[in-house]
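Inspection log for the structure reproduced underneath, given as C-alpha cells.
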Number of protein chains: 2
Amino acid sequence: MTAAGKHQVSRAETPRRGGRQGRAGIRDVAAAAGVSITTVSDALNGKGRLPDATRRHVREVAERLGYRPSAAARTLRTGKSGLIGLTVTTYGDEPFTFTEFAYFAEMARAATSAALARGYALVILPATSRHDVWSNVALDGTVVIDPSDQDPVVTELVRQGLPVVSDGRPAGTLPVTAWVDNDHRAAVLDLLDHLAAAGARRIGLLTGTTTDTYTRLSTTAYLHWCERVGQAPVYESYPAHDPCAGAVAADRLLARPDRPDAVYGLFDPNGTDLLAAARRYGLRVPEDLLLVCCSESTVYATTEPPITTLSLKPRRIGTAVVQLLIDAIEGVKHDGPVEQVIPTELIVRTSSQRRPPRTTVSPPRSPTGD
Amino acid sequence: MTAAGKHQVSRAETPRRGGRQGRAGIRDVAAAAGVSITTVSDALNGKGRLPDATRRHVREVAERLGYRPSAAARTLRTGKSGLIGLTVTTYGDEPFTFTEFAYFAEMARAATSAALARGYALVILPATSRHDVWSNVALDGTVVIDPSDQDPVVTELVRQGLPVVSDGRPAGTLPVTAWVDNDHRAAVLDLLDHLAAAGARRIGLLTGTTTDTYTRLSTTAYLHWCERVGQAPVYESYPAHDPCAGAVAADRLLARPDRPDAVYGLFDPNGTDLLAAARRYGLRVPEDLLLVCCSESTVYATTEPPITTLSLKPRRIGTAVVQLLIDAIEGVKHDGPVEQVIPTELIVRTSSQRRPPRTTVSPPRSPTGD
DNA sequence: TTGAAAGCGCTAACAG
DNA sequence: CTGTTAGCGCTTTCAA
C-alpha cells in the first residue's frame with residue numbers, strides 16, 4: 001500500500017459495510033477528514049496533543065456530517081455511563097410517590113440540576129428490584145430516597161460494587177456509601193419548643209403508620225419531648241400515602257376529648273387538612289389552635305391564615321446527595337465522614353403565633369414584601 | 001484439543017483477563033456451566049430451542065455467580081437501550097420547572113409508570129440541546145413536554161432518526177412523531193360558559209406572558225369568548241415561571257377600575273393568589289367573586305372556600321405519550337392518526353357557584369364523603 | 001441442538 | 001504527533 005493511499009481505502013464514497021443509513025460513525029468522520037479514527041476520537045474529546053488546526057478541522061467535519069458518538073459504545077469501552085439511578089421508596093401501588101409531597105419533586109429537581117451540571121443524567125427507577133429495568137440500564141451509581149431497613153435494592157447494588165448514596169439515614173446496617181439527612185429529632189424538638197413558647201399547653205401530633213426513618217424519628221422525638229415537659233402524648237396516625245386518610249385523621253385528632261390546642265402535622269397536606277378540620281369544629285387559628293406542618297409547598301404562605309411550616313430543605317439535600325454520589329463515582333476522597341446533616345428551617349407564619357407580629361392593618365398592597 | 005476439554009480452557013479458576021474483580025461475565029457463567037456463551041445468552045433470554053434442563057441449569061449457575069448482563073454491551077449490540085428521554089421546556093434558569101406546577105410532577109409520574117410497565121426507564125434531560133449530556137446517553141426515543149416552535153432539541157432528535165412524542169400540540173411545522181394534548185380551546189369556552197351560568201357578568205383572566213401553546217390557545221379562546229358574548233376582555237399577564245409575579249398580577253387584576261366579578265387563572269398557584277387578593281379587597285368568594293383556576297393540586301379541595309379547578313388530566317397524558325412513543329420505537333403501526341386529544345375535567349367546587357349545592361349546615365363529619 | 005466467530009462503535013495502549 | 005491494534009461483553013448469523 002502506498003503512503004499516499006494510507007487511509008484512502010475507506011474514503012471516497014464507500015458507504016460503510018452494514019451502513020445503518022443516516023447516522024455517521026467515527027470512521028466516516030475519519031475518512032472524510034483524512035485522518036485516523038484515533039485522531040477523531042482525540043480531537044473530539046480534547047485528548048492527545050494534536051495541533052489546533054487538526055482538531056478544528058476534525059470538529060468541523062464531524063459537525064458537517066452530523067456525527068454523534070455512540071453513547072453505548074463509549075459506555076462499554078470506558079465502563080462509565082454518566083447515568084445515575086434515582087429511586088423512591090414506594091408507599092402504594094404506584095412505582096413511586098413523586099407528587100404526593102412537594103418534597104420529592106423539589107429534591108428530584110435539585111438532584112437533576114446538580115447531576116446535569118456535572119455531566120450526569122438521572123434515571124428514574126422503581127423501588128422494587130425484581131423489575132427487569134434495573135438490569136437493563138448501565139448505572140454509575142444510585143441515589144436512594146428513604147431506603148427501608150435491609151432494602152433489597154440497596155443490598156443488590158452494593159453487591160454489584162456500585163456506589164449508593166441515600167437521602168435519609170439508613171436504618172440498621174444498610175451499607176450505603178454515604179447519606180444525607182436532616183436532624184429530624186432536633187427539628188421536632190425545636191418546633192415543639194416554639195409552639196410551647198407561643199402558648200401551647202397540649203400539643204398534638206398527626207403522624208404516619210409507616211415505619212420509615214423520618215416518621216419514626218419524628219414521632220420518637222415528639223414522645224420524648226412530651227415526657228420531658230410532662231405532657232400526655234396526643235396523636236393520631238394514618239397511612240401517609242393515602243391523601244384522604246389524612247383529612248380523616250386530622251378530624252379524629254380534633255374530635256378527641258383531650259383536644260390539643262396546637263398540632264404538628266408530619267406530612268405535607270396536613271396543613272390544609274387541619275385547617276379544614278379546625279373550621280368544622282369552629283376553632284380559630286391561631287387563637288384556639290396553633291398549627292405547624294412539615295411542608296415544602298408555597299400554598300401555606302397564602303392560606304387563611306398562613307401556616308407555619310418546617311422545611312427540610314429538599315433542594316440542599318438533593319444537591320448534596322448527588323455531589324456525594326458523583327464524588328464516589330469519580331473516586332474523589334472525602335476527608336470528613338460520608339454523612340451530611342442538612343439543617344431544617346422553621347418558617348414562622350401566623351398559624352403558630354398567638355400574637356401576630358404586626359397588629360397594624362396593612363392596606364391592600366403588593367405582596368412582594370414577603 | 002480433546003472433545004472433553006472443549007470449553008475447559010477457560011474454566012477452572014482462570015480469573016478472566018483484565019478481570020474487573022467482582023462482577024462475573026457471560027463467559028464465566030458459560031465456563032462454570034460447562035456450555036458455550038451462546039447457550040448462556042439463549043438460556044437467559046428465552047431464545048433458541050434448548051432443552052429445559054440446560055436452560056434451568058444455566059440460569060441456576062448464573063444466579064449462583066450473581067451474573068448480571070452488561071446493559072452497555074447489550075445496547076451496543078442490539079441498538080436498543082430501553083431508555084426514554086424526558087424533557088421539559090424551561091422557563092427560568094433551572095433545567096426544568098418540575099415542581100412549579102403539580103402538573104409536571106403528575107405527568108412525569110404517570111409517564112414513568114407507563115414506561116416501567118413496558119420495560120423502559122425515563123431519563124430526565126435538560127431542555128437545552130447544547131448540553132453534553134444529550135449525546136452521552138443512548139436514547140430509544142424522547143418525550144418532550146411543551147416544545148417551543150422550531151425547538152432545536154426536537155429538530156436535532158428527529159434528524160438523528162429518533163422518535164419524538166410531545167405533550168402539547170407542536171406549534172408550526174415541528175416534525176414530531178406523535179403528540180398528545182387537551183382541547184384547550186374547548187376547555188376554556190366550557191369553563192367560561194360555566195361561570196356565566198353561575199351569574200358572572202364580567203369574567204377576568206389571569207394569564208402568562210410566555211408564548212407556549214397552552215397559554216396562547218387559552219388566551220385566544222378567552223378573547224373569542226369575550227367577543228362572542230360582547231364582553232370587554234379584562235386580563236393581566238405575568239411571567240408564569242415567577243411565583244411572586246402571580247400574586248402581584250392577581251392583585252393588579254382585582255385593583256382595576258373595571259374589576260371582574262369572576263376570574264379564571266391559567267396557572268396552578270393562581271387559586272390561592274386570587275383568594276388572597278380577594279381577601280385583601282374584602283371580596284367574598286363566591287358571593288362577590290367567582291373563581292376558577294387550572295390546577296392539579298388537591299389543596300383546592302380544602303381551601304376556604306374550596307376552589308373550582310380545571311384538570312388537564314396529566315396522568316392520562318403522561319401515559320398516552322409514553323404508549324405512543326414506545327409503539328413508535330417498537331414499530332407498532334397505528335391505524336388512526338398520531339394525535340391524541342385527552343378530555344379535560346372541570347371539578348366544580350364552591351368558588352364558582354353562586355348558590356352552594358347544599359345550604360344545610362353539616363355537623364362535623366368525616367370528610368370522606370367527597 | 002450447540003458452538004465458533006464476527007463484529008456493534010468506540011477508546012486506550014503502544015508503535016511508528 | 002498520528003495510526004494500528006486490541007478488545008469492552010454481548011447477540012447473532014452460520015457452520016458443525
OP1 or OP2 of dC10(D) versus the side-chain N and O atoms of Arg74(B): is any pair under 4.0 Å?
no
Looking at side-chain heavy atoms only, is the closest gap between Val144(B) and Val176(B) below 4.5 Å?
no
For a 4.5 angstrom cut-off between non-hydrogen side-chain atoms, does Leu122(B) reach Val143(B)?
no
No-H, no-angle donor-acceptor pair, Thr54(B) side chain to dT1(C) base, under 3.5 Å:
no
Just checking Ser70(B): base, sugar-phosphate only, or nothing, at a heavy-atom cut-off of under 4.0 Å?
sugar-phosphate
Without decimals, in angstroms, what is the distance between His57(A) NE2 and dT2(D) C1'?
15 Å
With heavy atoms under 4.0 Å as the rule, sort Thr75(A) into base, sugar-phosphate or nothing.
nothing
Is there a donor and acceptor pair closer than 3.5 Å between the side chain of Thr78(A) and the base of dA12(C)?
no
Atom CG of Asn45(A) and atom C1' of dA12(C): how far apart are they, to the nearest Å?
11 Å
Is there a donor-acceptor contact under 3.5 Å linking the side chains of Ser41(B) and Thr38(B)?
no
Measuring only between side-chain heavy atoms, which start at C-beta, is Arg59(A) closer than 4.5 Å to Arg56(A)?
no
Which nucleotide in dA5(C), dG3(C), dC10(C) has an atom nearest any side-chain atom of Arg77(A)
dC10(C)
With a non-hydrogen cut-off below 4.0 angstrom, is Thr39(B) in contact with a base, only sugar-phosphate, or nothing?
sugar-phosphate
